[in-house]
Asker: 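Encoded as structure tokens, here's the structure I'll be asking about.
Numbers here are sequence positions counted from 1. These numbers were taken from a predicted model, which means no experiment stands behind them.
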Amino acid sequence: MKNEKTYELVLTALFTAIIVIMAFTPLGYIPLVVINATIIHIPVILGALFLGPKKGAFLGFVFGFTSFINNTFKAATASAFVFSPVLAANVAGVSGIFKSLYICFVPRILVGVIPYFVFILIRNLLKGNQKVWRIVINVVLSVIFLFSVRAFVNNLMQGGESSIPGTVAGVLTGILLFVVLTIASRKKASAGTALAYAGMAGAFTNTLFVMSGIYILYKDAYAQALGIAGDTVINVIMGIVSFNGIVEATVAAVLIAGVGLALLQVKPVKEPGQEKSVKELKNGPLPQKAVY
């Protein structure tokens, strides 16, 4: 038991160090003019899966704290104030402090919680011969990617009057993804598919909660910072969601599935309500099998 606690402490410290390194080097952020696309959620998601949602929430807090530091002292983008209570106080007064605290920390903390439960849910649904659930899950994800790719392509073709190219690309991507997921989910080992879903859930959690928070809490201030009309903010938000969302979700799915499967060889995903048995407490940890 002591060895297990020490192991988890070391792993938590390792993930924390990775988050900090990524946050303060070009490795963690991809500047996209008005906002930063990030891959820092990768170690947060992995930490949530292998250490549990409590430690995942802590890692998410670390992610948020590094975002606060970066946006307060660097302010590299027009939207920096939405992540910094210090800068927000000058923009929106005292209320801006609480608004920015929410945007900076809550979505990132949820990144360390939601993917864990998504993994457990998807893994359990894909177990056995539950073909209906497999089809439902694959259809839902394929539809999400269909609309995401459609928005992504249309966003790249700004100025084009036709949305046909985006629609065609979205439909083709959705069909291809459905076929790939259907083939992959036929295997008894459902961990890889569940890990991919967890990665996408984490990426979308970060993007959707941050951008919806900006729109709800900072619509006018955000428009002023970007020098655009208030009624066009929603277009900017949707453009960022479709662009950042599809890129980050795809990268997260691949990385979480790949790295996660490797980690499963040495440590299982932490089960909900996992407790030590009397025998384990007396005789040391029992052999654990990887979760599939």
Asker: Might you work through the side chain to side chain contact (heavy atoms under 4.5 Å, CB included) test for I228 and Y222, ending with a clear yes or no?
Answerer: CA-CA 9 Å; I228 60 177; Y222 190 69; 5.6 Å; no
Asker: Minimum heavy-atom separation for I39 and P43, please, with both atom names.
Answerer: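 Taking I39 first and P43 second, the nearest heavy atoms are O-CD, 4.0 Å.
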Asker: With a 4.5 Å limit on heavy-atom distance, are the side chains of L264 and L195 in contact?
Answerer: yes
Asker: Side chain to side chain contact (heavy atoms under 4.5 Å, CB included) for F15 and F58? Distances and angles first, verdict last.
Answerer: CA-CA 11 Å; F15 282 130; F58 167 75; over 6 Å; no
Asker: Does the Lys NZ or Arg CZ of K267 fall within the cation-pi geometry relative to Y7 - under 6.0 Å from the ring centre and within 45° of the axis?
Answerer: no
Asker: Verify whether one side chain among T66 and N70 offers a donor that lies under 3.5 Å from an acceptor in the other.
Answerer: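 Checked: T66/N70 side chains show no N/O donor-acceptor pair below 3.5 Å.
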Asker: To the nearest 0.5 Å, how far apart are OH in Y116 and CG in L51?
Answerer: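 Rounded to the nearest 0.5 Å, the OH-CG separation comes out at 10.5 Å.
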Asker: Just how far is it from atom NE2 of H41 to atom CZ of F204, taken to the nearest 0.5 Å?
Answerer: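 So the gap between those two atoms works out to 10.5 Å.
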Asker: Between A201 and V118, which heavy-atom pair has the shortest distance, and what is it?
Answerer: CB-CG2, 3.8 Å
Asker: Using the benzene-type ring in the case of Trp, are the ring centres of F105 and F61 under 6.0 Å apart?
Answerer: yes
Asker: Distance from I114 atom CD1 to T205 atom OG1, nearest 0.5 Å?
Answerer: 4.0 Å
Asker: Measuring from atom CG of N206 to atom CE of M211, what distance do you get when rounded to the nearest 0.5 angstrom?
Answerer: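 Here the rounded value is 10.5 Å.
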Asker: Please tell me whether L9 and L11 are part of a single hydrophobic cluster in this structure, the criterion being side-chain heavy atoms less than 4.5 Å apart.
Answerer: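 Looking at the clustering, L11 is in a separate group from L9.
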Asker: Roughly how far, to the nearest 0.5 Å, is CG of L125 from CD1 of I120?
Answerer: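 CG of L125 is found 11.0 Å from CD1 of I120.
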Asker: Indicate yes or no: at least one non-hydrogen side-chain atom of F63 is less than 4.5 angstrom from one of I109.
Answerer: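 Result no, sub-4.5 Å side-chain heavy-atom pair not found.
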Asker: Could you pull out all donor-acceptor pairs under 3.5 Å where a side-chain atom in residues 84-94 meets a protein atom, sequence neighbours excluded?
Answerer:
from, atom 1, to, atom 2, distance (Å)
S84, OG, T72, OG1, 2.7
S84, OG, V86, N, 3.4
S84, OG, L87, N, 3.2

Asker: V210 vs R108, test: side chain to side chain contact (heavy atoms under 4.5 Å, CB included). Steps then yes/no.
Answerer: CA-CA 9 Å; V210 167; R108 279 66 189 274; 3.9 Å; yes
Asker: Shortest non-hydrogen contact from P107 to I103?
Answerer: CD-O, 3.3 Å
Asker: Could you tell me if the side chain of L101 sits less than 4.5 Å from the side chain of F68, heavy atoms only?
Answerer: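 Not touching, per the 4.5 Å side-chain cut-off.
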Asker: Same cluster or not: are V20 and V10 linked, directly or through other Ile, Leu, Val, Met, Phe, Trp or Tyr residues, by side-chain heavy atoms under 4.5 angstrom apart?
Answerer: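 No, it is not one cluster - the side chains of V20 and V10 are not joined through contacts under 4.5 Å.
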Asker: Quick check on F178: does its CZ atom have over 12 non-hydrogen neighbours (other residues, nucleotides or ligands) under 6.0 Å away?
Answerer: yes
Asker: Distance from I214 atom CD1 to I237 atom CD1, nearest 0.5 Å?
Answerer: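 I214 atom CD1 to I237 atom CD1 measures 5.5 Å (nearest 0.5 Å).
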Asker: Between Y218 and F81, does the ring centroid distance fall short of 6.0 Å?
Answerer: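 Yes, they do, as the ring centres are separated by less than 6.0 Å.
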Asker: Provide the closest heavy-atom pair for C104 versus F83 in the form atom of the first, atom of the second, distance.
Answerer: SG-O, 3.3 Å
Asker: I need the minimum non-hydrogen distance between G56 and V44, along with the two atoms involved.
Answerer: O-CG1, 3.9 Å
Asker: What are the two closest non-hydrogen atoms of F119 and A198, and how far apart are they?
Answerer: CB-CB, 4.0 Å
Asker: Output yes when a side-chain donor or acceptor of T25 lies under 3.5 Å from a complementary backbone atom of I21, and no otherwise.
Answerer: yes
Asker: Pairs under 3.5 angstrom only: tabulate donor-acceptor contacts from the side chains of residues 251-261 to other protein residues two or more places apart or in another chain.
Answerer:
none

